[in-house]
Protein chains: 2
Amino acid sequence: MKERQERILGEIVSIYLETGQPVGSRVLAEQGRLGLSPASIRNVMAELERRGYLHSPHTSAGRVPTDSGLRYFVDSLMVVDANMRDTIEQSLTQHLQDEASKRALLRRASDELASLTHFAGLVWVRESNFSRILRLELIPVSSSQVLAVIVAEGNQIQNRLLQRPAHVSDEQLHRISVRLNELLCDCDLAEVQRRLQHEMDSDRLQVRKLLEGLKRWSDAPNESQSDLFVSGQRQLFDMPELAVIETVRSLMAAFEEKEQLLRLVEQVEQDDTGVKVFIGSEHALVNMEQVSVVLSRYEGPENIVGTLGVIGPRRMHYERVLPIVDCTARWVSRMLGGNIDG
Amino acid sequence: MKERQERILGEIVSIYLETGQPVGSRVLAEQGRLGLSPASIRNVMAELERRGYLHSPHTSAGRVPTDSGLRYFVDSLMVVDANMRDTIEQSLTQHLQDEASKRALLRRASDELASLTHFAGLVWVRESNFSRILRLELIPVSSSQVLAVIVAEGNQIQNRLLQRPAHVSDEQLHRISVRLNELLCDCDLAEVQRRLQHEMDSDRLQVRKLLEGLKRWSDAPNESQSDLFVSGQRQLFDMPELAVIETVRSLMAAFEEKEQLLRLVEQVEQDDTGVKVFIGSEHALVNMEQVSVVLSRYEGPENIVGTLGVIGPRRMHYERVLPIVDCTARWVSRMLGGNIDG
DNA sequence: ATTGGCACTTGCGGCGCTAGAGTGCCAGGT
DNA sequence: ACCTGGCACTCTAGCGCCGCAAGTGCCAAT
């Protein structure tokens with residue numbers, strides 16, 4: 001694209017991001033940074049429209065950047081604010097210092113995304129079953145129940161109540177626990193299943209019920225930990241172009257049903273090329289042509305991976321939001337590396 | 001109030017609940033169940049308006065029940081559908097059968113409230129620390145960490161990673177675990193604190209760090225379990241009178257900030273007189289004069305208490321919603337009594 | 001006490017108009 | 001060859017107006 005066209009597209013986009021209104025040749029000329037008359041600008045605008053970067057809502061309105069227009073801006077024209085990163089790091093350091101658990105950390109990360117961008121923050125963590133068992137412990141709870149605790153790789157901790165086999169003393173239970181621990185330690189999921197099955201067949205331990213419970217656990221992903229944190233939805237509705245009941249409904253539906261978001265989020269998990277932007281209709285979310293999604297993959301130790309980012313209006317300051325999402329993702333990755341329970 | 005006035009108020013309310021529109025004397029007369037002419041009805045309506053049960057938006061609109069009008073309806077006129085309860089029980093039995101954890105159960109209850117009423121379901125559980133310890137176990141995780149698991153009364157289970165004291169073998173850790181278990185078993189929170197302090201002072205076990213971690217745990221309420229479940233918000237925006245951006249914002253704010261809701265919810269926790277209804281401005285939520293809240297307290301075994309209910313439009317079918325909330329609360333109470341982990 | 005009739009009030013939808021904004025194109029200047 | 005002022009054209013948003021429909025309050029008659 002000609003340099004002249006780029007300059008004009010850039011100006012149009014940045015004014016549009018500010019105001020959200022169509023921008024006309026007049027204001028563009030008066031704003032002065034181009035040194036061109038309205039008429040000249042009009043010619044270029046017409047060309048840009050022919051190429052699909054601009055769009056007129058109607059004859060007597062100005063031009064609005066299309067999704068492609070914004071895309072071009074984000075890909076080629078945008079300059080990220082350099083000292084943005086420091087500000088972000090600072091804020092993150094301040095607010096995300098020492099969180100007790102992984103869940104708490106992620107929730108706070110989501111809050112932080114929301115408060116930095118003033119849009120909706122989003123943190124997703126891949127639903128993961130225990131992968132490789134580091135430790136298994138059975139703890140007697142009552143005469144009818146026993147608590148199974150599993151510590152898996154990446155310090156994931158999961159627990160579940162199982163039915164206690166009749167006529168098994170605490171003493172015996174402890175022995176079974178030790179035995180199972182030896183049996184299942186360092187096994188991955190498939191191996192755990194196999195060995196449990198084998199154990200059940202021979203049933204030397206006479207605790208078929210218990211083993212069944214364990215097996216069922218390893219079958220189903222642990223659904224008790226919801227895995228999508230969303231913060232600051234309400235801020236979206238402060239943007240006039242999103243404060244439309246139709247859009248509101250769609251947004252709420254997306255947040256509540258989650259499947260649509262998950263599809264998007266999983267796309268990002270595939271390739272790990274930093275921050276990914278979906279502008280307007282680029283994500284396939286229906287009725288949400290006015291929103292953009294900015295996501296990045298993050299990665300904790302062993303088996304913890306996920307995606308985080310923000311959902312905001314199509315006209316967001318990408319040059320601010322992109323580094324925010326990027327930094328937060330890195331930060332979260334770093335924090336997850338530390339000492340954190342699951 | 002005169003029987004005639006009651007009948008008319010009742011008719012107005014039930015038409016209003018259906019349509020959401022002001023109801024005029026004409027339709028009321030034509031509807032036929034009163035056997036009176038529009039003129040007569042008008043007289044009574046004027047009287048009802050003077051008493052504050054009705055309100056005209058303007059001269060040429062019909063009458064709309066005020067909050068007091070609806071209140072009177074709910075308190076004195078309403079007849080709850082008798083076989084409603086069966087339907088509800090049935091649906092609950094079907095969907096809430098065996099949930100693995102307390103959290104899962106409560107979340108499902110919230111979903112169920114939402115799907116039965118088509119409004120937003122709400123379940124709150126009182127944030128509670130462990131009360132009386134039934135069992136404490138220390139599990140070695142790595143060379144630097146140890147997992148503490150506490151089983152408390154009511155089968156509440158909580159776990160936390162603590163720093164592992166240096167130079168303590170798995171063997172020793174197990175002994176410490178047994179010792180601590182003996183020491184702290186059956187103690188309430190205050191007693192736990194006291195004994196831990198005492199133990200730290202003498203420090204016979206040489207594991208000050210570990211004890212400190214435990215103590216800090218018992219100080220702070222366990223914040224990692226968020227305690228308010230909300231489902232089906234989006235359904236609210238299908239009601240035309242709530243699909244107003246102003247109201248949407250307020251609703252979202254209430255759901256996100258939670259303090260306002262908690263204040264309401266705690267009011268209900270105080271007295272346990274079954275279902276409680278807040279109509280329109282009766283709850284002090286700003287900008288939400290168009291919504292009503294129906295809540296009931298529920299109660300699990302030992303120390304688990306909470307409030308659940310729905311948030312819906314002011315014009316909801318109270319005669320349907322009240323039994324739904326009531327039954328769900330009883331049901332949840334019953335289920336919590338069963339075998340469920342925390 | 002009830003009711004039909006009538007005058008009065010009020011919001012709402014449709015219509016036409018104007019002002020303002022912005023464009024496209026052309027002809028003339030550099 | 002490119003830029004620019006000018007002009008005719010188009011479209012929308014806002015305003016005022018009007019008439020319709022709905023509903024009321026009151027009164028006189030039953």
Side-chain angles (χ1 to χ4, degrees), chain A residues 1-9 11-16 18-66 69 240-241 243-244, chain B residues 1-9 11-16 18-66 69 240-241 243-245 290:
Chain A
M1 197 186 317
K2 295 259 178 63
E3 193 252 343
R4 163 90 143 277
Q5 295 173 332
E6 286 193 340
R7 267 177 56 214
I8 291 186
L9 177 57
E11 287 302 325
I12 292 178
V13 168
S14 63
I15 295 181
Y16 170 72
E18 204 61 53
T19 65
Q21 299 301 316
V23 4
S25 56
R26 167 82 119 303
V27 284
L28 216 43
E30 280 172 356
Q31 183 237 26
R33 267 190 278 181
L34 292 163
L36 290 172
S37 76
S40 311
I41 295 175
R42 280 207 283 281
N43 284 328
V44 181
M45 281 165 102
E47 175 61 17
L48 285 171
E49 177 155 16
R50 234 167 294 137
R51 297 214 196 178
Y53 295 118
L54 295 181
H55 166 76
S56 322
H58 57 85
T59 334
S60 82
R63 301 304 215 293
V64 165
T66 60
E241 69 264 44
V244 178
Chain B
M1 202 193 307
K2 294 262 178 62
E3 194 253 343
R4 165 90 143 278
Q5 295 173 333
E6 287 194 338
R7 266 177 56 213
I8 290 186
L9 178 57
E11 287 303 324
I12 292 178
V13 168
S14 63
I15 295 180
Y16 169 72
E18 204 62 52
T19 65
Q21 300 300 316
V23 4
S25 56
R26 167 82 124 294
V27 284
L28 216 42
E30 279 172 357
Q31 183 237 25
R33 265 189 280 181
L34 291 164
L36 290 172
S37 75
S40 313
I41 295 174
R42 280 207 283 281
N43 285 328
V44 181
M45 283 165 101
E47 175 62 16
L48 286 170
E49 178 155 17
R50 235 166 293 140
R51 297 214 195 180
Y53 295 117
L54 295 180
H55 166 75
S56 319
H58 56 86
T59 335
S60 82
R63 301 304 215 292
V64 165
T66 60
E241 68 264 46
V244 179
I245 199 62
Q290 285 305 313

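Reminder, nothing fancy here: chain letters follow the sequence lines and each chain counts from 1.
- Here the CD atom belonging to A:Glu49 is positioned 8.5 Å from the CE atom belonging to A:Met45, to the nearest 0.5 angstrom.
- Remark: A:Arg42 is not in phosphate contact with D:dG5, judged by side-chain N or O atoms under 4.0 Å from OP1 or OP2.
- Distances shorter than 4.0 Å separate some side-chain N or O of A:Arg63 from OP1 or OP2 on C:dT23.
- B:Ser60 has no side-chain polar atom (N or O) that falls below the 4.0 Å cut-off from OP1 or OP2 of C:dG11.
- Computed from coordinates, the B:Leu28 CG to D:dA22 P distance equals 16 Å when rounded to whole Å.
- Although no hydrogens or angles enter the test, the distance criterion places a donor-acceptor pair under 3.5 Å between the side chain of B:Thr66 and the main chain of B:Gly69.
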Evaluate the side-chain contact (heavy atoms from CB on, under 4.5 Å) criterion for residues A:Leu48 and A:Arg63: first the C-alpha distance (whole Å), next the side-chain angles of each, then the deciding distance (0.1 Å), finally the verdict.
CA-CA 10 Å; A:Leu48 285 171; A:Arg63 301 304 215 293; over 6 Å; no

Please tabulate, for side-chain N and O atoms in residues 21-28 of chain A, each donor-acceptor pair with protein atoms closer than 3.5 Å (sequence neighbours left out).
residue	atom	partner	partner atom	Å
A:Ser25	OG	A:Arg42	NH1	3.2

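- Taking atom CD1 of residue A:Ile41 and atom C1' of nucleotide D:dC2, one finds them 15 Å apart after rounding to whole Å.
- Between the P atom of C:dT23 and the CG atom of A:Leu54 lies a distance of 10 Å, rounded to the nearest Å.
- At the heavy-atom level, B:Ser56 lies nowhere under 4.0 Å from the strands shown.
- Atom CD1 in B:Ile15 sits about 16 Å away from atom C1' in D:dA22, given to the nearest Å.
- Taking atom CG on B:Asn43 and atom C1' on C:dG5, their separation rounds to 14 Å, with Å as the unit.
- In this structure, A:Leu36 atom CG and D:dT4 atom P are separated by 6 Å, rounded to whole Å.
- To the nearest 0.5 angstrom, B:Glu11 atom CD is 11.0 Å from B:Leu36 atom CG.
- Checking B:Thr59 against A:Arg26, the closest nucleotide of DNA chain C that is more toward the 5' end is the one next to B:Thr59.
- Annotation: of the two residues near DNA chain C, B:Pro57 and B:Ala39, the 5′-most nearest-nucleotide partner is B:Ala39.
- Which of C:dT23, C:dC6, D:dT4 sits closest to the side chain of A:Ser37 comes down to D:dT4.
- If you measure from atom CG of A:Leu48 to atom C1' of C:dT23, you get 15 Å, rounded to the nearest angstrom.
- Across all strands, B:Ala61 comes closer than 4.0 Å only to sugar-phosphate atoms, never to a base (heavy-atom distances).
- Checking C:dT9, D:dC3, C:dG24 against the side-chain heavy atoms of A:Glu49 singles out C:dG24 as nearest.
- Of the candidates C:dT2, D:dT4, C:dT23, C:dT23 carries the atom nearest the A:Ser25 side chain, counting heavy atoms from C-beta on.
- Comparing D:dT10, D:dT24, D:dC3 by their nearest atom to the side chain of A:Arg4 picks out D:dC3.
- Regarding A:His58, its NE2 atom lies at a distance of 6 Å from the C1' atom of D:dC11, rounded to whole Å.
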